[in-house]
Number of protein chains: 2
Amino acid sequence: MNRKPPTMADIAKSLGVSPMTVSRAFKRDSAVSQETREAILLAAEELGYVFDSTAANLRSQKTDFVAVTIPSINNANFAETVRQLADGLSRAGLQILLGYTNYDIHEEERLIEQLLRRKPQAIVITGGQHTERARKLLSNASIPVVETWELPEKPIGHVVGFSNTQAIREMVDHFVETGYRRIAFMGGDAANDTRGAERRAGFVAAMREHGLDATRLISSGAPPIGMREGAKAMSELLERFPDTQAAICVSDLSAFGALTECQRRNVRVPEDMALGGFGNYDIGAICVPPLTTINAFAGDIGARTAELISDVLDGKFPQGAMQTISFNPVLIARESSR
Amino acid sequence: MNRKPPTMADIAKSLGVSPMTVSRAFKRDSAVSQETREAILLAAEELGYVFDSTAANLRSQKTDFVAVTIPSINNANFAETVRQLADGLSRAGLQILLGYTNYDIHEEERLIEQLLRRKPQAIVITGGQHTERARKLLSNASIPVVETWELPEKPIGHVVGFSNTQAIREMVDHFVETGYRRIAFMGGDAANDTRGAERRAGFVAAMREHGLDATRLISSGAPPIGMREGAKAMSELLERFPDTQAAICVSDLSAFGALTECQRRNVRVPEDMALGGFGNYDIGAICVPPLTTINAFAGDIGARTAELISDVLDGKFPQGAMQTISFNPVLIARESSR
DNA sequence: ATGTCTCATGTTATCGTTATCACAAGCACT
DNA sequence: AGTGCTTGTGATAACGATAACATGAGACAT
């Protein structure tokens with residue numbers, strides 16, 4: 001009764017055709033007569049046959065996997081990138097193999113090694129900072145590599161990202177133009193989150209260019225920096241630098257947390273404290289007052305990465321021609337910085 | 001120069017051992033002398049060898065994959081379940097293969113079929129409503145099946161979930177006890193989101209038991225129901241049923257959206273309008289006022305599912321003994337319903 | 001010295017599909 | 001009638017690892 005699952009050979013036998021014909025019937029455009037194909041698919045359904053990718057993967061040396069690493073799944077921005085990436089790739093018949101690094105490049109190295117064993121057709125990684133060994137693993141893998149969410153100085157392969165430094169610069173310019181002078185930055189530790197670190201560096205550089213004090217820096221420890229951390233940072237900011245006029249936060253989530261802290265303390269936003277976020281999250285658009293933020297095009301990064309990978313795998317670019325797709329972050333001024 | 005990647009056979013040749021010994025060196029606890037293993041791993045690193053799972057999968061008939069379907073990745077609750085699930089499974093050497101159904105059971109069927117081709121060791125699906133063919137595919141797969149986030153009447157295999165109906169009942173009881181009578185429910189369409197539909201049904205049943213009017217129902221269309229939908233629903237509620245005292249929302253996200261709409265309209269929460277959410281999201285704990293909600297243990301569902309799968313695969317339960325792990329949703333009363 | 005056991009390693013065959021080559025039949029066109 | 005082309009199908013071997021069994025060397029007890 002409980003015999004082992006049917007294979008293509010079983011279907012072939014039951015219909016008196018060769019296994020090869022059965023195999024072809026499961027491929028889209030291969031040469032099988034309409035009649036034969038239908039008979040095969042019908043027999044397959046009746047026998048409860050399930051196509052075995054593991055065998056196909058080995059023989060054809062193709063897995064239709066694309067490996068993807070993100071720092072955390074619990075982040076609306078990365079989730080949006082992954083969603084669009086998954087959608088785009090599925091149109092090309094590719095499936096995502098996802099892993100989290102927890103904002104740790106050593107974890108990332110382990111993850112990359114593990115993912116490469118599955119023989120993906122391409123790999124997408126978030127960020128541009130990696131261990132030396134990770135870089136080597138990626139280079140040796142001889143599959144397309146795409147770094148996202150940053151513009152690394154020494155890219156490993158393709159890049160789909162934007163300049164975090166530039167983005168914050170625009171934010172600082174906006175605040176200064178609007179009339180704010182005593183401006184703080186609230187983010188996480190530099191060590192683990194390169195995007196956060198770049199944003200902080202961008203803040204410091206831009207403030208200096210304006211001849212302003214760039215020492216109002218609040219750090220909330222290791223990422224992820226969420227709403228709670230934002231609230232706590234605002235609390236700290238109000239104690240340490242009570243005359244601060246505006247706070248730029250490393251993300252909309254922490255900016256929202258900061259906003260709630262202001263509400264609890266009856267600090268008016270933006271009159272007493274202006275706020276800026278990052279990432280154009282839903283929450284920033286809907287909260288009261290809505291948050292000034294930077295649209296970093298999280299979704300578009302995913303969509304363009306999917307396109308890029310499809311094109312590269314289709315051989316649309318000459319071998320070794322690495323593409324760099326760069327987005328220009330766009331400031332969205334809202335009431336939190338009037 | 002650009003010859004093909006090394007295999008175990010290449011390593012074996014370079015060291016004068018058999019491929020079998022190389023294979024064993026890559027397994028944890030198999031019998032290889034310390035000396036030989038080190039030599040093999042060193043040679044592997046030098047040759048740039050990458051273990052090929054596709055071959056191992058085929059020969060050993062094991063993939064160490066666990067397939068997981070969720071309605072959407074852009075949902076903090078499901079994301080948390082997946083995170084804990086991934087963490088727990090990785091401890092057992094298992095990797096997640098994730099797919100989204102977009103709240104559509106036909107999409108789910110397609111997804112399940114696609115995932116089963118990868119020969120996962122187990123499959124976790126969100127919800128208890130599936131197409132007939134999906135049920136058949138799952139039953140035939142002869143791997144552990146876990147349905148989560150609900151308590152299906154006719155489970156396919158194991159279950160890790162809670163009663164959405166019961167959860168909302170607790171919320172209604174709380175509101176009634178606190179003194180509210182004219183209570184509304186705001187959620188999505190019944191068709192696509194079984195959990196949302198159950199919550200609505202639970203609301204109607206509980207209200208009737210209290211002898212209260214259960215017709216204040218606002219529907220926001222197809223899921224996902226996010227903050228925007230919540231704000232719009234509150235807008236509609238205030239127009240259609242202006243004397244409503246309290247609104248129970250299908251999730252914290254929509255409850256927060258509703259809260260912002262109240263803020264924009266200077267409707268005081270909870271004095272003019274009390275609010276209840278669902279899911280115990282971060283945002284409900286930190287917003288002002290914080291939201292009364294239901295802790296549905298999203299993370300725990302993932303963690304317990306991971307344990308369950310490990311145990312089942314380890315043969316800790318007799319063959320065919322299906323487990324049901326049921327959480328009791330817990331009401332968290334906060335200021336939004338004082 | 002003989003038997004028994006453990007440990008480290010080798011040999012052989014195989015997992016289920018598909019790349020590749022081969023070929024027959026049908027058709028169009030010279 | 002012959003040539004070339006397309007279409008549908010089959011035979012064979014191979015992808016790269018490992019399950020299953022076999023073997024040889026040494027340790028130890030009898």
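Please read these numbers as outputs of a predicted model, since none were measured by experiment. Labels below follow one simple rule: chain letters A, B, ... track the order of the sequence lines, proteins then strands, and each chain is numbered from 1.
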Touch check for Phe26(B), heavy atoms < 4.0 angstrom, all strands: base, sugar-phosphate only, or nothing? nothing
Please determine, for the side chain of Val17(A), which listed nucleotide (dC15(D), dT18(C), dG10(D)) has the closest atom? dG10(D)
Closer than 3.5 angstrom, by distance alone: can the side chain of Ser53(A) be matched with the main-chain N or O of Arg117(B) as a donor-acceptor pair? yes
If only side-chain N and O atoms of Gln61(A) are considered, is one of them under 4.0 Å from the OP1 or OP2 phosphate oxygen of dT18(C)? no
Nearest to the side chain of Arg59(A) - dA11(D), dA13(D), dG16(D)? dA13(D)
In this structure, are over 12 heavy atoms from other groups packed under 6.0 Å from Arg91(B) atom CZ? no
Would you kindly give the CG-to-P distance between Asp52(A) and dT14(C), to the nearest whole Å? 18 Å
What integer distance in Å separates Ile11(B):CD1 from dG16(D):P? 13 Å
Rounded to whole angstrom units, what separation is found between the NZ atom of Lys13(B) and the P atom of dG10(C)? 15 Å
Sugar-phosphate only, base, or nothing, as touched by Ser53(B) at under 4.0 Å among non-hydrogen atoms: nothing
Return no unless some side-chain N or O of Ser33(B) is found under 4.0 Å from OP1 or OP2 of dT9(C). yes
Would you please confirm or rule out a distance under 4.0 Å between OP1 or OP2 of dG10(D) and any side-chain N or O of Thr21(A)? yes
Do the charged groups of Arg110(B) and Glu113(B) touch, with an N to O distance under 4.0 Å? no
Rounded distance (Å) that lies between atom C1' of dA13(C) and atom CE of Met20(B): 12 Å
Tell me whether the OP1 or OP2 atom of dA17(D) has a side-chain N or O from Tyr49(B) closer than 4.0 Å. yes
Distance test, side-chain N/O of Ser18(B) to OP1/OP2 of dT11(C), below 4.0 Å: no
Candidates dT17(C), dT9(D), dC15(D) - which lies nearest the side chain of Ala31(A): dT9(D)
Indicate, with a heavy-atom threshold strictly under 4.0 Å, whether Val22(B) touches base, sugar-phosphate, or nothing. nothing
Glu35(B) CD - dT9(C) P separation (whole Å): 8 Å
Check every atom of dT20(C), dA17(D), dT17(C) against the side chain of Ala55(B) and return the nucleotide holding the closest atom. dA17(D)
What nucleic acid atoms does Met8(A) come within less than 4.0 Å of, heavy atoms only: base, sugar-phosphate, or nothing? sugar-phosphate
Nucleotide dT14(C), atom C1' - distance to CG of Leu58(A) in whole Å: 12 Å
Return the minimal non-hydrogen interatomic distance between Pro6(B) and Tyr49(B), and the atom names on each side. O-CD1, 3.2 Å
Please determine if a side-chain N or O atom of Ser23(A) lies less than 4.0 Å away from the OP1 or OP2 oxygen of dT18(C). yes
Figure out the NZ/C1' separation between Lys27(A) and dT9(D), and round it to whole Å. 17 Å
Ring-face cation of Arg118(A) near Phe65(B) (centre distance under 6.0 Å, axis angle within 45°): yes
Nearest-neighbour nucleotide for the Arg24(A) side chain, dT9(C), dG10(D), dC15(C) considered: dG10(D)
Tell me the interatomic distance from Arg118(B), atom CZ, to dG16(C), atom C1', rounded to whole angstroms. 15 Å
Ala56(A) side chain: which of dT9(D), dT18(D), dT17(C) is closest? dT17(C)
Just call it for Thr36(A): base, sugar-phosphate, or nothing, with non-hydrogen atoms closer than 4.0 Å on any strand. sugar-phosphate
Presence of salt bridge, Glu307(B) and Lys316(B), under 4.0 angstrom: no
Can you figure out which of dG16(D), dT9(C), dT9(D) approaches the side chain of Val32(A) most closely? dT9(D)
